Amino acid sequence: LVGGTVSGKVFADFNRDGSMVGDGGLPGVSVFADLNGNGQRDSGEPMTQSDSQGLYSLDVRSGTFNIVSEGLDGFAATTNPTRSTTVRNGQTSVVNFGFAQIIADITGTAYVDSDGDGIRDTDEPGLEGVYVYADLDGDDRPDLGEPGAFSNDDGTYSINFPGAGTYTLRSDLPTGF
């Protein structure tokens, strides 16, 4: 094979900034050289998967073509998943890819349950300023690092969670409730 190498890192972009500074590797991502430019992995095109540290390496022919990362379920690209590169004989071209885990959101409404039946009726207003949080350690109080949010003036809130799972939601009510 007359050509060179394309290598790089597939990184878990925790802060979603498209830069791998401070981010770890993401294993198991398929990366291939799209030699014919059709956007699909075809037979004979070099392909590999990122290793346990997110690193990959492809031996390719000389030329200019796209390197494509195929991502993983539950992750979204934070860098372009298709990157053009030029490879010269005996040289290495570096191409990195970033992906962020898709975070599940929980949304809801804090409201004044005037009749105490646990069901919001049309005449029951939203309640502003309620702190709703996921009690990850089960200690019945909000702690640093536990996802949470204050309800808006209409009582709605949205909390970003670290991913799929079962969570206990709790609330700190304003004085008087």
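The structure presented is a predicted model; accordingly, all values stated were derived computationally and were not measured. Below, all heavy atoms of this structure are taken into account, side chains as well, without hydrogens, waters or symmetry copies.
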Chemist: So, are Asp34 and Arg41 salt-bridged, with charged N and O less than 4.0 Å apart?
Modeler: no

Chemist: Taking the side chain as C-beta and beyond, is there a heavy-atom pair between Val60 and Thr5 under 4.5 Å?
Modeler: no

Chemist: For Phe14, enumerate each residue passing the ring pair (Phe, Tyr, Trp, His ring centres under 6.0 Å) test, keeping only those at least two apart in sequence or located in another chain.
Modeler: none

Chemist: The test is side chain to side chain contact (heavy atoms under 4.5 Å, CB included); show your working for Ile159 and Tyr167 and say whether it passes.
Modeler: CA-CA 12 Å; Ile159 304 172; Tyr167 299 94; over 6 Å; no

Chemist: Which heavy atom in Thr107 sits nearest to a heavy atom in Ser158, and how many Å separate them?
Modeler: CG2-OG, 3.7 Å

Chemist: So does Glu146 get a backbone contact from the side chain of Asp143, meaning a donor-acceptor N/O pair under 3.5 Å?
Modeler: no

Chemist: Hey, is the main chain of Ser30 close enough, under 3.5 Å, to the side chain of Gln49 for a donor-acceptor pair?
Modeler: no

Chemist: Evaluate the side chain to side chain contact (heavy atoms under 4.5 Å, CB included) criterion for residues Leu169 and Ile106: first the C-alpha distance (whole Å), next the side-chain angles of each, then the deciding distance (0.1 Å), finally the verdict.
Modeler: CA-CA 10 Å; Leu169 291 182; Ile106 297 294; 4.0 Å; yes

Chemist: To the nearest 0.5 Å, tell me how far Tyr56 OH sits from Thr48 OG1.
Modeler: 10.0 Å

Chemist: To the nearest 0.5 angstrom, please state how far the CE atom of Met47 sits from the CD atom of Glu70.
Modeler: 7.5 Å

Chemist: Could you tell me if the side chain of Phe99 sits less than 4.5 Å from the side chain of Ser69, heavy atoms only?
Modeler: yes

Chemist: At their closest point, which heavy atom of Arg88 faces which heavy atom of Ser62, and how far apart are they?
Modeler: C-OG, 3.8 Å

Chemist: So which atom in Leu58 and which in Val31 form the shortest heavy-atom distance, rounded to 0.1 Å?
Modeler: CD2-O, 4.0 Å

Chemist: Of all heavy-atom pairs between Pro142 and Tyr131, which one has the smallest distance, and what is that distance?
Modeler: CB-CE2, 3.8 Å

Chemist: Between the main-chain N or O of Thr82 and the side-chain N or O of Asn80, is there a donor-acceptor pair closer than 3.5 Å?
Modeler: yes

Chemist: Without hydrogens or angle criteria, can the side chains of Thr168 and Asp135 be said to hold a donor-acceptor pair below 3.5 Å?
Modeler: no

Chemist: Establish whether Val95 and Val10 are linked, either directly or via other cluster members, by ILVMFWY side-chain heavy-atom contacts under 4.5 Å.
Modeler: yes

Chemist: Looking at Ser50 and Leu26, what are the two nearest heavy atoms and their distance?
Modeler: OG-O, 2.7 Å

Chemist: Members other than Phe11 in its cluster, when Ile, Leu, Val, Met, Phe, Trp, Tyr link by side-chain heavy atoms under 4.5 Å?
Modeler: Met20

Chemist: Taking all heavy atoms of Ser19 and all of Asp13, pick out the closest pair and write down the distance.
Modeler: O-OD1, 3.8 Å

Chemist: Verify the cluster assignment for Phe32 and Phe75: are they in a single hydrophobic cluster under the rule of side-chain heavy atoms below 4.5 Å apart?
Modeler: no

Chemist: Are the side chain of Ser151 and the backbone of Gly129 linked by a donor-acceptor contact shorter than 3.5 Å?
Modeler: yes

Chemist: To the nearest 0.5 Å, what is the distance between CD1 (Ile67) and CG (Asn96)?
Modeler: 12.0 Å

Chemist: Any non-hydrogen side-chain atom of Val87 less than 4.5 Å from a side-chain atom of Arg61?
Modeler: no

Chemist: Can you tell if the side chain of Tyr111 reaches within under 4.5 Å of the side chain of Leu127, non-hydrogen atoms only?
Modeler: no

Chemist: Between Asn36 and Phe65, is the side chain to side chain contact (heavy atoms under 4.5 Å, CB included) condition met? List the steps.
Modeler: CA-CA 8 Å; Asn36 63 7; Phe65 42 84; over 6 Å; no

Chemist: Would the distance check show the side chain of Thr86 and the main-chain N or O of Thr64 forming a donor-acceptor pair, the cut-off being under 3.5 Å?
Modeler: no

Chemist: Working to the nearest 0.5 angstrom, can you tell me the gap between Phe150 CZ and Asp153 CG?
Modeler: 14.5 Å

Chemist: Please report the interatomic distance CZ(Phe97) to OG1(Thr78), rounded to the nearest 0.5 Å.
Modeler: 11.0 Å

Chemist: Should Thr85 and Asn66 count as side-chain neighbours, where that means a heavy-atom distance under 4.5 Å?
Modeler: no

Chemist: Are Asp115 and Glu124 close enough, and set up right, to give a side chain to side chain contact (heavy atoms under 4.5 Å, CB included), and what steps lead you there?
Modeler: CA-CA 9 Å; Asp115 57 9; Glu124 294 176 330; 3.1 Å; yes

Chemist: Under a 4.5 Å cut-off applied to non-hydrogen side-chain atoms, are Glu128 and Asn152 in contact?
Modeler: no

Chemist: Could you check Asp113 against Arg120 for salt bridge (charged side-chain N to carboxylate O under 4.0 Å, His left out), going step by step and ending with a plain yes or no?
Modeler: CA-CA 6 Å; Asp113 190 9; Arg120 186 176 188 193; over 6 Å; no

Chemist: Under 3.5 Å, is there a donor on one side chain and an acceptor on the other for Ser57 and Ser7?
Modeler: no

Chemist: State the CG-CD distance between Leu72 and Gln101, to the nearest 0.5 angstrom.
Modeler: 10.0 Å

